[in-house]
There are 2 protein chains.
Amino acid sequence: MTSQAADGPGRGLHARLLARLGPAITAGDHPPGTVLLTDELAEQYEVSRTVVREAVRVLESMHLVESRRRVGVTVLPTEQWNVFDPQVITWRLAGADRPRQLRSLTRLRSAVEPVAARLAAELATPEECAELTEHALGLVRTSRGEQLENYLVHDVAFHRVILRASRNEMFARLGDVVAAVLTGRTEHEVMFSDPRQEAVTMHVQVAEAVREGDGAGAERIMRTITEDALAELDVLAPGPTAP
Amino acid sequence: MTSQAADGPGRGLHARLLARLGPAITAGDHPPGTVLLTDELAEQYEVSRTVVREAVRVLESMHLVESRRRVGVTVLPTEQWNVFDPQVITWRLAGADRPRQLRSLTRLRSAVEPVAARLAAELATPEECAELTEHALGLVRTSRGEQLENYLVHDVAFHRVILRASRNEMFARLGDVVAAVLTGRTEHEVMFSDPRQEAVTMHVQVAEAVREGDGAGAERIMRTITEDALAELDVLAPGPTAP
DNA sequence: TCCGCAATTAAGTATGACGATTTAATGTCC
DNA sequence: GGACATTAAATCGTCATACTTAATTGCGGA
């Protein structure tokens, strides 16, 4: 339903080219300042100039490259990259500076999700409250044994509902990002084989708080959850300085 | 230096077409479900199909439209729009549901900026602290009389520095968004002709807190600032339900 | 040395043709 | 008469090519 990792090759030659060029650039192949030439790309990837140009247009809209006459397609410095673009996020999560990316995103979660939880407590519909409870119980059920797959499903769904119930379109749009982070954490990083019971408990508590309209409570608990996720990240991949 | 509203027509026919199509779609002209035809667009805007196709590719990457064979270019439902794309934000801020957009963004600010302020207090360089103080003083200087223009410059710069000093690339990237919100507020909405002295004072306090490494303090004061901005919105444009 | 003009280069635009794919209409068989 | 297969039409997708535009380079003259 909610497209996410379905951003694979996609249909169309240009999409497939994009799926090769984007990761190549974000991975640090073609470092910033590199100049790519349309004709060379066309030859290299065995597609027409038209296709290359369309892919470049998209990269340009992500501020990954800049196309200028008589110069070529220049890779832009990373500070200019539109790091909020889901595609860019996906590419970077799959690439080399994955830890850095994961940290940035988790920090973003720690800022947004508590506020979203508060709003959800004030605005969630009965249906959403039910969904929340359901997924919280799902977490409880799957927190023991080797059910990481199912645990992840409920975890992602839970946070999605929170973000959606906040009735803020920006927050809701972060559902895919959160899903990517949670999925990525389970996939690549060595996650605790047994999800921590404290985390499970807190999810249940958030569901309760939302159901009871306790905004402050929901926010407080969610803040703990996300701060824990941040701390967890430091344990698993201790980096030097990365907020 | 920091491109932002410079996203005007841009160079190239395709960019100019984008600057016309994007706003048209986000403004609700061509409502979701509408089918546009490449050839018609080409004729209507007096450009070649090549140009139309490149513009459509960009709109497609923003999830504003979907292009399918034998169907045409379909406008997607708003829930799928990539509302974090700076271009989309700009278009929507200029369009009809501007109040709604302003509210969403201000809420986002209220979530992110306090956390950014805390991080800034922990990580800001001496240079950044100096910049912060400078702009805070600039706010004090321009808060009286008819100097809204200059006040805005310092306001935008101040928040930009906070976001940048947080050393989080996602946060830093929101600098443009904040700039758009603050600028928009001053431009269109009837802003207080005299910026509130309390706000000015709080900015000075944030600068102090950051300088002294008081993360908790910086976060607390920034939270007040952004919550006030939210309340201000409700006063100026009282909407029914919009987080 | 500096200024300006011309040549060069690569992206930008336009057009025509063909292929691929999806939707719809048609027709056939049961 | 309805279900399914076949055919047809419409539109995007891709390609090749020719031409245009802009920017950089470099040459030559003042």
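Computed from heavy atoms alone, side chains included, the values below leave out hydrogens, waters and symmetry copies. Order of the sequence lines sets the chain letters (A, B, ...), proteins ahead of strands, with each chain counted from 1.
- Judged by distance alone, with hydrogens and angles left aside, the side-chain atoms of B:Trp81 form a donor-acceptor pair with the main-chain N or O of B:Leu76 at under 3.5 Å.
- For the pair A:Arg68 and B:Arg68, nearest-nucleotide mapping onto DNA chain D gives the more 5' position to B:Arg68.
- To the nearest angstrom, C1' of D:dT20 lies 13 Å from CZ of A:Arg53.
- At whole-Å resolution of the value, CG in A:Leu41 and P in D:dC15 are 14 Å apart.
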Can you list, pair by pair, the side-chain donor-acceptor contacts under 3.5 Å of residues 15-39 of chain B, counting residues two or more places apart and other chains?
from	atom 1	to	atom 2	distance (Å)
B:Thr26	OG1	B:Gly22	O	3.1
B:Thr26	OG1	B:Pro23	O	3.2
B:Thr34	OG1	B:Pro31	O	2.4

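- The distance between atom CG of A:Leu18 and atom P of D:dT14, rounded to the nearest whole Å, is 12 Å.
- Residue A:Arg57 has a polar side-chain atom (N or O) positioned under 4.0 Å from OP1 or OP2 of C:dG12.
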Any chance you could lay out the side chain to side chain donor-acceptor pair (under 3.5 Å) test for A:His154 and A:Asn150, step after step, and finish with the verdict?
CA-CA 7 Å; A:His154 286 295; A:Asn150 292 334; over 6 Å; no
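- Judged by distance alone, with hydrogens and angles left aside, A:Arg69 brings a side-chain donor or acceptor within reach of the base of D:dT21, the pair sitting under 3.5 Å.
- To the nearest angstrom, P of C:dT13 lies 7 Å from NE2 of B:His14.
- As rounded to whole Å, 15 Å separates atom C1' of D:dG13 from atom CG of B:Leu37.
- No donor-acceptor contact under 3.5 Å links the side chain of A:Arg49 to the base of D:dA16.
- B:Thr50 comes within 4.0 angstrom of a nucleotide base, judged by non-hydrogen atoms across all strands.
- Not one N or O on the side chain of A:Arg164 forms a donor-acceptor pair closer than 3.5 Å with the backbone of A:Ala120.
- The CZ-P distance, from B:Arg16 to C:dG12, rounds to 13 Å in whole Å.
- Taking atom CD of B:Glu66 as the reference point, atom P of D:dT11 lies 17 Å away to the nearest angstrom.
- Close to D:dA16, at under 4.0 Å from its OP1 or OP2, lies no side-chain N or O of A:Ser48.
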- request: Please report the C-alpha distance between B:Glu54 and B:Arg57 in whole Å, then the side-chain angles of each, then the deciding distance to 0.1 Å, and finally whether the salt bridge (Lys or Arg N to Asp or Glu O under 4.0 Å) criterion is met.
  value: CA-CA 5 Å; B:Glu54 288 178 11; B:Arg57 281 280 110 77; over 6 Å; no
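- In this structure, B:Arg11 reaches neither bases nor backbone, as no heavy-atom distance under 4.0 Å exists between it and the strands shown.
- Mapping A:Val71 and B:Val51 onto DNA chain C by nearest heavy atom places A:Val71 at the nucleotide closer to the 5' end.
- In this structure, B:Glu54 and A:Arg70 both approach DNA chain C, and ranking their closest nucleotides by distance from the 5' end singles out A:Arg70.
- With rounding to whole Å, B:Glu40 atom CD is found 14 Å from D:dC12 atom C1'.
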